[in-house]
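Single-structure report; data block below.
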Protein chains: 2
Amino acid sequence: MSNVKKLRTISQEDEAKRGAQGVVYVLDDDPGIRSAYYRLFDLDGYLCFPYESAEAFLLRAEDASAHVRGPRCLLCDVSLPGMSGLELQSEILDRQHTMPIIFMSGASSEIEVVRAYKEGGYAFLLKPVDIDELLDTVSTALALSYSRQQEQQESNALHALVTQLTEREKSVVRLVLQGLTNQQIGDQLHIALRTVKVHRQHAMEKLGVNNVVELTRLSEKSPI
Amino acid sequence: MSNVKKLRTISQEDEAKRGAQGVVYVLDDDPGIRSAYYRLFDLDGYLCFPYESAEAFLLRAEDASAHVRGPRCLLCDVSLPGMSGLELQSEILDRQHTMPIIFMSGASSEIEVVRAYKEGGYAFLLKPVDIDELLDTVSTALALSYSRQQEQQESNALHALVTQLTEREKSVVRLVLQGLTNQQIGDQLHIALRTVKVHRQHAMEKLGVNNVVELTRLSEKSPI
DNA sequence: GTCGCAATTGCCCCATGGGGCATCTATAGA
DNA sequence: TCTATAGATGCCCCATGGGGCAATTGCGAC
């Protein structure tokens, strides 16, 4: 029992560690390619989830990697049995557009390549795939995913702060951000100077800013 | 004499008007395609400059459209005699990366398509080109060019303002933007409070801002 | 050498921002 | 009914920002 627990813990730690470096979903109907890519990314310290079809990916990927943090990207063959890679892309873009998609293809027409890019594909690798180019592309894709996640997190955090403001506080802050003085704000909202000061003070405390400069910067990142 | 002058004036006005709507450089070695596209874009109110090769474009395009304002894009066949479209692209990106490039190709390999996108191509149209798709792509490309130009102009204008500041004034502004009080700034620069106020005042006047909010916003757009 | 300009500073005054203390009202819950 | 919370306000005090007036210094240009 303790052994099992220990093993599980280690495995989870390992997964968390690899996840922090990056998750690569691999989507190819060829089992040989899947296992080859799995080994490749595993060796490189990434966490790899291989799937044989778009349907399998949509069904199982979310659960399989739900507890893993970190940037992620999708490496996907264009021509798959069932739902094609391109169809999958538009499906994915609706949900989490934070994940770059790298397409691979051997005998693909130019039409597919154009469509993949037009619909927001991150890159297109033609088979035979050059390993260095592949690793390079995955690396930059994960970097992009990382920065998107960071932005997302920051945006969420700021939005959470803004939500804590009362309507009155938000009104005052908006006028502060128009460069008005407290007196002018009071006139506009038909409240006393002292009241404006109170709202302003409360808002600044809730938002965690110490001066107007910080307040302005915050407001540029998250509308108030 | 007066007639000639009048004609020239009208022509220039016309060109300026069309230029404001957009300039489309067309690059194709087929004279038939050049004239067809010329008529097409001319009818749509754009100003069109056709060239038969990349070399001709590089040699003559700048002079030909030097006096024209407005957004611009390049519509370019991939396979050209002499310098290819892809080679031209890297040449152009070095100079003015404000112009989106739309590639066209009939019998092009996927490799070319991938390379065009990888190196920053805006779009890739496969022949036979759908006219609506073409006009649509040109339209969005010009919109992109326009917004880039706007950003560029704003950035230049702000930079011109910042250049007017003396070193001392810039130092003070930077510290203001760190949220320091005048007294703290004085301590850090080893100057008197009154001196800080003077520099601050001069800087705000030169930058045309009335309060710290505007100053902060300006500094986000152009580093000081 | 004189002029203009940047930098510096002191004195002084007023406007504005920040905030403690206390009060009052209204409203949604416990 | 009692309480917590948001909103509003007055009084008062201090810190800070803004800015007029005047003077000094140093440097490059004419």
Side-chain angles (χ1 to χ4, degrees), chain A residues 155-224, chain B residues 155-224:
Chain A
S155 171
N156 287 344
L158 292 183
H159 187 260
L161 289 182
V162 172
T163 310
Q164 294 186 343
L165 299 184
T166 67
E167 273 312 310
R168 219 44 170 165
E169 286 162 353
K170 279 189 270 189
S171 302
V172 170
V173 169
R174 283 189 211 107
L175 295 175
V176 169
L177 291 172
Q178 285 177 29
L180 302 187
T181 66
N182 288 343
Q183 187 56 63
Q184 290 171 324
I185 295 171
D187 292 345
Q188 193 147 336
L189 297 179
H190 305 297
I191 52 180
L193 174 62
R194 189 67 187 87
T195 313
V196 176
K197 289 186 181 184
V198 172
H199 287 316
R200 182 173 183 158
Q201 185 188 351
H202 288 164
M204 304 264 286
E205 279 169 7
K206 287 180 180 176
L207 295 177
V209 297
N210 297 309
N211 49 58
V212 186
V213 174
E214 290 178 15
L215 180 65
T216 306
R217 293 218 177 99
L218 186 151
S219 77
E220 300 279 301
K221 291 176 185 166
S222 180
I224 296 177
Chain B
S155 171
N156 287 345
L158 291 184
H159 186 260
L161 289 183
V162 172
T163 310
Q164 294 186 341
L165 299 184
T166 67
E167 273 312 310
R168 219 44 171 168
E169 286 162 353
K170 279 190 271 191
S171 303
V172 169
V173 168
R174 282 190 210 106
L175 295 175
V176 169
L177 292 171
Q178 285 178 27
L180 302 188
T181 66
N182 288 341
Q183 187 56 65
Q184 290 171 322
I185 295 172
D187 292 346
Q188 194 148 335
L189 296 179
H190 304 297
I191 53 179
L193 174 62
R194 190 67 187 87
T195 312
V196 175
K197 289 186 180 183
V198 171
H199 287 316
R200 183 173 182 157
Q201 184 188 352
H202 288 165
M204 305 264 285
E205 280 170 8
K206 287 180 180 176
L207 296 176
V209 296
N210 297 310
N211 50 58
V212 186
V213 174
E214 290 178 15
L215 180 66
T216 307
R217 295 218 177 98
L218 186 150
S219 77
E220 300 279 301
K221 290 177 185 165
S222 179
I224 296 177

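These figures come from a predicted structure and were not determined experimentally. Basis for what follows: all heavy atoms, side chains included, without hydrogens, waters or symmetry-related copies.
Regarding A/Glu169, its CD atom lies at a distance of 11 Å from the C1' atom of D/dT5, rounded to whole Å. Look at CD on B/Gln164: it is 14 Å from P on C/dC5, rounded to the nearest Å. Going from atom NE2 of A/His190 over to atom C1' of D/dT9 covers 17 Å, rounded to whole Å. Between the P atom of C/dT16 and the CG atom of A/Leu180 lies a distance of 12 Å, rounded to the nearest Å. B/Leu193 has its CG atom 13 Å from the C1' atom of C/dT8, to the nearest Å. The CG atom of A/Leu189 sits 18 Å away from the P atom of D/dA6 (whole-angstrom rounding).
A 4.5 Å side-chain heavy-atom check between B/Leu177 and A/Arg217 finds at least one atom pair inside the cut-off. In this structure, the side chains of B/Val196 and B/His199 stay at 4.5 Å or more apart for every pair of heavy atoms.
Nucleotides of DNA chain D nearest to A/Lys206 and A/Ala192 differ in position, and the one nearer the 5' end is that of A/Lys206.
A/Thr166 has a side-chain polar atom (N or O) that falls below the 4.0 Å cut-off from OP1 or OP2 of D/dG7.
Expressed to the nearest 0.5 Å, how far CD of A/Gln178 lies from CD of B/Glu214 amounts to 10.5 Å.
Contacts between residues 195-202 of chain A and DNA chain C, counted as heavy-atom distances below 4.0 Å, involve A/Lys197, A/Arg200, A/Gln201.
Checked by atom type and distance alone, the side chain of A/Gln184 pairs as donor or acceptor with a backbone atom of A/Thr181 at under 3.5 Å.
Between A/Glu167 and A/Lys170, at least one side-chain N (NZ, or NE/NH1/NH2) sits under 4.0 Å from a carboxylate O, which counts as a salt bridge.
Not a single donor-acceptor contact under 3.5 angstrom links the side-chain atoms of B/Arg194 to the base of D/dG17.
Comparing the axis of the opening five pairs of the helix from C/dG1-D/dC30 to C/dA30-D/dT1 with that of the closing five pairs yields an angle of 30°, rounded to 10°.
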